[in-house]
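Whatever order the structure lists them in is the order used to number ligands and atoms, beginning at 1. All heavy atoms count here, side chains included; hydrogens, waters and symmetry mates do not.
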Amino acid sequence: MTMIRTETLSPDAPGLARAAQLLAQGRLVAFPTETVYGLGADARNDRAVARIFEAKRRPRFNPLIVHLADAAAARRIAVFDDDANRLADAFWPGPLTLVLPLRPDAGISPLVTAGQATIAIRVPAHPVAQAVLRAFDGPVAAPSANPSGKISPTSAAHVLAGLDGRIAAVLDGGTCPVGVESTIIGCDAHGPVLLRPGGLPVEAIEPCLGRPIRQRGADAEITAPGQLSSHYAPEAALRLNVTAPAPGELWLGFGPDCPGAALNLSPGGDLTEAAASLFHQLRALDEMATPGQAVAVAPVPERGLGRAINDRLRRAAAPRE
Ligand code: TXA
Ligand code: MG
């Protein structure tokens with residue numbers, strides 16, 4: 001693929017207008033959301049969507065999330081049942097993605113859904129994401145703005161580290177406050193199912209639904225390739241749930257009881273802070289590690305945002321394909 005000059009845009013009126021203009025031309029623009037940076041393209045334009053897969057080297061069978069400015073726009077693209085309505089009313093805008101039946105007349109490129117009858121949709125809360133969606137005034141397909149299989153970006157610098165020269169522009173909106181990707185819930189005839197833990201904890205979702213949410217079974221068919229092992233992979237090998245690192249290992253701590261840790265996700269043991277630090281610190285450890293040096297990670301509790309953190313750590317530690 002030919003290299004292009006990637007523009008860095010400020011999230012002011014001229015920058016937002018330029019971002020909307022590039023999207024309308026079928027070009028790729030990375031933008032901040034409250035979870036991670038997304039790599040946006042016009043979801044109605046086959047050529048534009050194809051460029052996402054090319055820039056990320058993403059397998060074509062892996063469908064994309066469509067971002068919209070509000071729930072009204074989302075309801076024109078997908079069919080909402082009672083559960084979906086309840087979740088959208090409670091948590092949008094916010095770090096929640098719903099997988100729902102696609103309206104066949106919605107005008108979405110079939111590349112977005114990888115030909116499936118369902119579509120993943122999200123209304124992000126980040127003011128810069130909201131501003132670019134309103135300026136463009138159309139559905140924006142956006143996976144995380146990283147090369148496929150690598151760590152998701154939580155700053156404009158991370159985006160450029162992976163995709164400089166391969167995308168038209170990045171809107172620099174600073175650091176993403178949540179730091180892990182959205183929670184994905186599928187709603188179908190069998191009721192809601194958790195497809196990916198993320199920035200909205202299940203502890204908030206279940207009271208809203210009034211019943212426990214089904215977990216996707218470990219042996220179930222893979223419908224979200226984020227569910228594949230070996231994802232979010234740093235270069236260094238990772239060992240998890242380590243309370244006493246081996247000599248020579250770089251230790252990533254969590255909480256106050258990690259003396260000698262190279263970095264700490266949250267010295268005070270706060271899961272919100274740990275989620276926001278996770279991808280920054282995995283990248284920083286990759287830079288600190290000498291060739292062959294392994295990274296040991298302290299245990300993180302499996303509750304609240306800890307579920308999303310542990311999910312990403314397990315994938316980062318999974319055997320490489
Ligand atoms: O926070 C986020 O969700 C970020 C920001 C940019 O919105 N986006 C993101 O996109 O994480 P991506 O492409 O990296 O992950 C989306 C996941 C993938 O695992 C994909 O397989 C799944 O959503 N997905 C998309 N459409 C789907 C569908 N129709 N059915 C099941 N899974 C789907
Ligand atoms: Mg991703």
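- Residue side and main chain included, Ser144 places an N/O/S atom under 2.8 Å of the Mg ion (ligand 2).
- Any N or O atom pair closer than 3.5 Å counts here, and Thr118 shares at least one such pair with ligand 1.
- Under the 3.5 Å distance criterion, with hydrogens and angles disregarded, a donor-acceptor pair is assigned to the side chains of Ser152 and Glu181.
- Taking every non-hydrogen atom of Pro143 and a distance limit under 4.0 Å, the qualifying atoms of ligand 1 come out as 10 (O), 12 (P), 13 (O).
- For the side chain to side chain contact (heavy atoms under 4.5 Å, CB included) test, residues two or more places apart in sequence or in another chain that qualify with Val193 are Leu195, Arg214, Arg216.
- Residue-level proximity to ligand 1 for Thr113 is absent, since no heavy atom of it falls below 4.0 angstrom.
- Nearest to atom 3 (O) of ligand 1 by heavy atom, out of Ala114, Ser182, Pro124, is Ser182.
- The 12-atom threshold is exceeded at CZ of Arg103, counting heavy atoms of other residues, nucleotides or ligands nearer than 6.0 Å.
- Per-residue contacts place Asn62 under 4.0 angstrom from the following atoms of ligand 1 (heavy atoms of the residue considered): 18 (C), 20 (C), 21 (O).
- The heavy atom nearest to atom 5 (C) of ligand 1, out of those in Lys56, Arg122, His126, Arg58, is found in Arg122.
- Here is the list of ligand 1 atoms found below 4.0 Å of a heavy atom in His67: 5 (C), 6 (C), 7 (O).
- Side-chain atoms of His280 and Thr154 form a donor-acceptor pair, as typed in the model, at a separation below 3.5 Å.
- Every atom of ligand 1 is numbered from 1 in the order shown, and the set under 4.0 Å from a heavy atom of Ser144 is 8 (N), 9 (C), 10 (O), 12 (P), 14 (O).
- In the model, Asp172 has no side-chain atom that pairs as donor or acceptor with a side-chain atom of Thr8 under 3.5 Å.
- Leu96 and Ile77 fall within a single hydrophobic cluster, where Ile, Leu, Val, Met, Phe, Trp and Tyr side chains are chained together by heavy-atom contacts under 4.5 Å.
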